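Some notes on the structure that comes next.
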Amino acid sequence: MSKKNKTEEASVKSRRLTVNIIIHIILAILAFIWVLPIFWVILTSFRAEKGSYVTTFFPKSYTLNNYVKLFTDTSVLNFPKMFTNTLVIAIFTCIISTIFVLSVSYCMSRMRFKMRKPYMNVAMILGLFPSFMSMIAVYYILKALNLSEGSMIPIALIIVFSAGTGLGFYVAKGFFDTIPKSLDEAATIDGATKWQVFTRITIPLSKPIIVYTILTAFMAPWIDFIFAKVICRAEAKYYTVSIGLWRMLEKEYIDSWYTCFAAGAVIVSVPIAILFIFTQKFYVEGMSGAVKG
Amino acid sequence: MKKADTKKKKVKEFQTPYTVMNAVKKGNTITKFSILIMGFGNIAHKQIGKGLMFLALEIGYLWYMISSGFHSLAMFPSLGWREQEKVWNEKKMIYEYTAGDQSQLLLLYGVATLFITCLFIVVWREAVRSAYKSEVLAKEGKHLNTFIEDYKSLFNQNLYKLLLAAPLMGVLGFTILPLVYNISMAFTNYSKLNDHMVLFDWVGLDNFKKILNFADSIGKQFYSVLGWTLVWAFFATFLNYIFGMILAIVVNRKDTKAKGFWRFCFVLSIAVPQFVSLLIMRTMLQPTGVINTMLMKYGLIETALPFLSKAMWARVTVIVINLWVGIPYTLLQVTGILQNIPAELYEAAKIDGANAVQAFFKITLPYMLFVMTPYLITQFTGNINNFNIIFLLTGGAPIPVESTAGKTDLLVTWLYKLTVEKNYYNLGAVIGIMTFITLAIVALLTYRNTASYKDEEGFM
């Protein structure tokens, strides 16, 4: 190798090093921006000073009282009750909508019948309407069914969160499409019915998408506040977590509840974040199909 | 040419000789009788379970129609006229209130009755077809399915009927019915305006005329909101996509260290529920919020920056914050697809002497656009309907005086305000329909032309 080549190689190397350093610095700055709000809310949840106005980024003193108050001070905003409400609703919604989504996706992917294409087109068209355009109408329907008062409210919420999920089949259908059809055919030749193919072959092969479906279904009641607000109205007994957190930032509560809001936000986010990080792999796999080329 | 061929094939695929027309034309007396009494033909051919089910459905429908359905239909055109009145009750010596008509309930019952009738017609067609089929099969001496065989077929070739029944009922009852009900409100004067909260009437297309009219104050607001909605959706979608893709490529570069750590930092923001992170952002960006306080403390600015209170500032702020929300999603999506691009393509390009930038424009970008066009369209429509960001961050503010729509209001948030806060139900419904039309135009122009829609089967 000649000397000229060597110096050229060295300059390429040093240029590559500077590029790498610059890229890593940019990544660090971006990552900082992305993590900042999350970091801030965690800090705020441990802050001892009350109120929403602060003069320093880091709290002057730290405390656990915000968390304690959140779970013990039930006189104005009953957070523990809201938490159990949401948990119950989330569990039922999760079961119903997972069954719905998987059933519809399987039919759309594996079965051929007359209403298949029309159903898919209608689902796409319905997806174009603003989802809560019919919110008021749903409320009146629930009222006509006597589901809008008192202890029926949780049932009404479960219905609202799970009834329409038969339309959200695209991701799971896309996943089922990638499972080789030859597996189904082999099973059919061995005498399996469609039901057996569905439960014994398709479902066990679809762990990623099932986890993904369960997760999204479970999260829906925790993060929705529009429907919950319209259906619960003033019945504070049946509030879900998201309405509670929303109320903590209203003018009359914000001064005494701001740090508790941060604590509540952390409590809601932590389980969802843990679930999400553990299943992130599935999320990406669910998006890109079961069998990679 | 090819398209026409496949279309023809599709029609044939599900064709059956057992149609209602054939039943009427060629069926015998028993079949014709089952046009009136559903299930009669099945019972006559010993399919008793099936026949009784059809009969029960018919009786149930008739009972519903007689008990309330006909009344609902009769009230549907007028939507009621009796006002609530005070009536002197001689016996009890008190004033009593008569129950007046409630148009909103009458409208709901009317729509629901029409709905049930449509469902009944579907069942009726099925019953007539089934009767004709059993007649033909019996005549040809072929085997007729018994009830148990029918039941078993639900787990095999008819599995879709079993699996789709419950989800379909949910969609019909709690998505389509409310939607039709809400759409019908657009043609009434159901509004707080002029006090039409209890009794209201059909007004035809008046609401549409009002909203589309440039001279009307509501019309002016509509066009400005529509314009901003489109601008917002365009920037929100494409900036997210471009920056997300660049970020994904940078993170996945061969020379980048600690890929998992960087990805974790960005993806963490997805794991936090959106309403939580957005509410936090809102408090941080207030005039007295932490960002302004910090900037003023270190002398970078004199007065608080109006992040969410001046029109232009607020618009840029929501787009930037949407980048914070959206880029991690793009990162996740793109990472999977980037890894799916065949490595041979890059190797071949390298041998041919292409550099990284050329490889990006000649290989990565075309591939990504091909695969992700449907994703981009759903993102675009999702952004037009993006309620959370606007509602939680600005609430549509700043709102000009004597206007119902703010400068950052999208069609959806305006719709929410008009219905929930102002109770202008009719105008809200019109806005919903206009949103739908906007989206339908965008989607129809693009979605149906994408490869993955046309070539659904070819993917397998």
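Letters go in sequence order (proteins before strands), and every chain restarts at 1. Predicted model, so just to flag it, every value in this text is computed and none were measured.
A distance of 7.5 Å separates CG in B:Leu415 from CE in A:Met135, rounded to the nearest 0.5 Å. Taking CG from B:Asn182 and CD1 from A:Ile136, the interatomic distance works out to 8.0 Å, rounded to the nearest 0.5 Å. Note that CG of B:Leu163 is 8.0 Å distant from OH of A:Tyr106, once rounded to the nearest 0.5 Å. Going from atom OG of A:Ser134 over to atom CE of B:Met185 covers 10.0 Å, rounded to the nearest 0.5 Å. Here CZ of A:Arg16 is found 5.5 Å from CG of B:Asp255. Values are rounded to the nearest 0.5 Å.
With a 6.0 Å radius and a threshold of 12 heavy atoms from other residues, nucleotides or ligands, B:Lys152 has its NZ atom at or below the threshold.
Using cut-offs of 30° and 60° for the angle between ring planes, the B:Phe266 and A:Trp34 rings count as perpendicular. A:Phe113 and B:Tyr160 have parallel rings, their planes meeting at less than 30° on a 0 to 90° scale where 60° marks the start of perpendicular. The aromatic rings of B:Phe155 and A:Trp195 stand perpendicular to each other, their planes meeting at an angle above 60°, with 30° marking the opposite boundary.
The shortest heavy-atom contact between B:Pro178 and A:Ala137 is O-CB, 3.4 Å. B:Met281 and A:Pro37 make their closest contact through CE-CG, 4.0 Å (heavy atoms, listed as atom of the first residue, atom of the second, distance). A:Tyr258 approaches B:Thr283 most closely through the heavy-atom pair OH-OG1, 3.2 Å. A pairwise comparison of heavy atoms in B:Asn385 and A:Gly127 identifies ND2-O, 4.4 Å as the closest pair.
Among A:Ile38, A:Leu36, A:Val268, A:Val35, the residue with the largest count of heavy-atom pairs under 4.5 Å with chain B is A:Ile38. When each of B:Asn158, B:Val180, B:Ile327 is checked for heavy-atom pairs under 4.5 Å with chain A, B:Ile327 comes out on top. Per-residue heavy-atom pair counts under 4.5 Å with chain A were compared for B:Leu279, B:Leu107, B:Thr381, and the maximum is reached by B:Leu279. With respect to chain A, the highest number of heavy-atom pairs below 4.5 Å among B:Thr175, B:Val171, B:Leu154 belongs to B:Val171.
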